[in-house]
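Data first, discussion second: the structure below is written as structure tokens.
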Amino acid sequence: MSGFLKVTGVVPGMDWPAVPNPRGAQLLALQMQLEQSQWLPAEEIAQLQREQRHLIAVHASRHVPFYQQLWSAQVIEPEESLSDEEWQLLPVVSRGAIQQFPGGVTPRVRLPRHGPTYQGFTSGSTGRPLQTAGNTVTQLMWSALSLRNHLWHRHDFSGKMLGIRAGSGDTPQPLQRHDNWGLGTNDLIRTGPGVTLDVRTPINELAAILREENPDYLNTYPSVVAELARHALSQDWKLPRLREVRTFGEILEESTRSICRRAWQTTISDCYSSQEAGYIALQCPQHEHYHVQSESILVEILNDQGLLCAPGQIGRVVLTTLLNFDFPLIRYDTGDFAEAGASCDCGRGLPVLKRIVGRQRNMAILPNGDRLWPSLDLDAQGLDYMPPVLQFQMIQRSLERVELRIVPGRPFSVEDEAMVRHWVQQALTYPFEVQIAYLDEIPRGAGGKYEDFRCEVTLPDEPTEVSLQDPCLSNYVAR
Ligand SMILES: [Zn+2]
């Protein structure tokens with residue numbers, strides 16, 4: 001019974017309908033509200049967000065020194081909520097500004113009813129990690145949105161979920177077994193088993209375990225899906241029970257969706273989340289685009305002038321965490337870029353992100369200074385004779401030169417090398433000098449994440465990280 005919520009009860013003799021334990025009851029109470037709010041008209045959702053963002057802005061202006069200094073000219077009165085125009089005058093905050101401020105965005109006064117606080121760290125793929133904080137409320141909301149994701153995609157809760165994720169410590173951790181899928185279902189639904197693997201496990205071993213475990217759902221980074229699917233096609237193995245692949249943590253390319261279909265006849269549902277903000281957007285149940293999780297987060301897609309992007313335009317993802325009073329991010333520049341979408345015909349009023357395109361460092365710079373998002377599709381048309389590639393990564397080293405790191409499926413001939421050079425130049429729309437480096441394995445970055453393309457060129461007039469005292473901070477204020 002896909003998507004049916006068979007609740008685990010704690011009252012003896014009452015199996016269906018059932019009464020869950022207190023945490024399960026809270027999760028279910030939130031879920032009922034989420035079930036309703038997703039169908040509200042966009043303007044009603046926006047109004048509810050205005051009221052909620054006011055609560056956290058008042059908290060920040062009273063208790064968070066970072067915002068007190070940042071907003072010194074503007075006091076936020078409890079009785080008077082900001083209009084959208086006033087809201088858009090609040091400065092956009094960079095990660096660097098929070099890192100440089102003593103104590104970051106930690107409030108001086110906590111709200112005890114939000115439960116004990118816990119600390120976390122972002123993976124720090126840009127260099128220094130950022131210390132984050134959450135509490136019982138944010139964890140409950142994370143769980144509720146996980147459950148919403150299961151319900152949206154009609155997951156069969158009796159199935160086996162296999163996750164491949166970042167591990168800690170110096171060596172890959174061994175396989176772990178769980179009797180429940182995790183926070184989104186724990187205390188509420190009896191699920192099938194969960195299995196977790198460390199992403200640093202060698203690919204041959206991952207493939208062998210995956211075949212042995214034969215899961216119903218695979219949950220991991222898009223780059224791992226692509227690598228495993230290429231392995232499956234080259235070694236001719238299937239996952240007969242697999243019903244859906246779920247991805248997170250990296251940009252999902254169309255080519256990964258297509259290779260997943262070819263290898264296992266399975267679709268992918270992606271989610272867009274971050275360590276500092278939790279779930280940002282989930283893939284629509286009926287389309288490949290994403291719905292912003294407006295009950296937890298306010299997302300603004302801003303162009304270079306700091307104005308809201310229209311559907312079809314790509315801009316910076318700037319967000320406000322509406323419920324995290326221990327780590328309030330207000331108009332926080334994530335460093336990600338996304339394309340704003342038009343409203344969705346599924347009927348949900350939650351705003352649409354057409355696609356997440358990456359971070360600034362994932363953009364190529366052409367010699368004339370133009371930037372572009374590379375189209376890194378190994379199955380691109382016109383490349384019929386592409387030699388087998390198990391893994392690749394492009395690093396732009398200068399305005400004229402790109403390094404292509406490659407794990408080849410077999411030793412490459414001169415013709416093969418010419419073909420992959422042509423592929424790189426086509427993806428970047430410019431005849432770059434392409435240096436090929438052959439590797440046995442391409443290592444992952446911080447937090448287990450992988451980037452297909454990274455640009456290491458900085459243009460001379462480009463600001464890097466902006467700080468709180470930096471006048472650049474007001475660059476993104478709407479005018
Ligand atoms: Zn939709």
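Indexing begins at 1, ligand by ligand and atom by atom, following the structure's order.
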Original post:
Charged N to carboxylate O under 4.0 angstrom, Arg316 versus Asp333?
Top reply: yes

Subject >> Atoms (protein N, O or S; no water) under 2.8 Å from the Zn ion (ligand 1) >> reply: 4

Original post:
Is the Tyr217 ring parallel, tilted or perpendicular to the Trp181 ring (thresholds 30°, 60°)?
Top reply: perpendicular

Original post:
Using the ring of each side chain (for Trp, its six-membered ring), is Phe248 parallel, tilted or perpendicular to Tyr221, with breaks at 30° and 60°?
Top reply: tilted

Original post:
In terms of ring plane angle, is the pair Trp237 and Trp264 parallel, tilted or perpendicular, where the classes change at 30° and 60°?
Top reply: tilted

**OP:** Walk me through it: do Gln47 and Glu51 pass the test side-chain hydrogen bond (donor to acceptor under 3.5 Å, both in side chains)?
**Re:** CA-CA 7 Å; Gln47 182 52 33; Glu51 291 163 21; 3.2 Å; yes

Original post:
Parallel, tilted or perpendicular for His289 and His291, by the 30°/60° rule?
Top reply: perpendicular

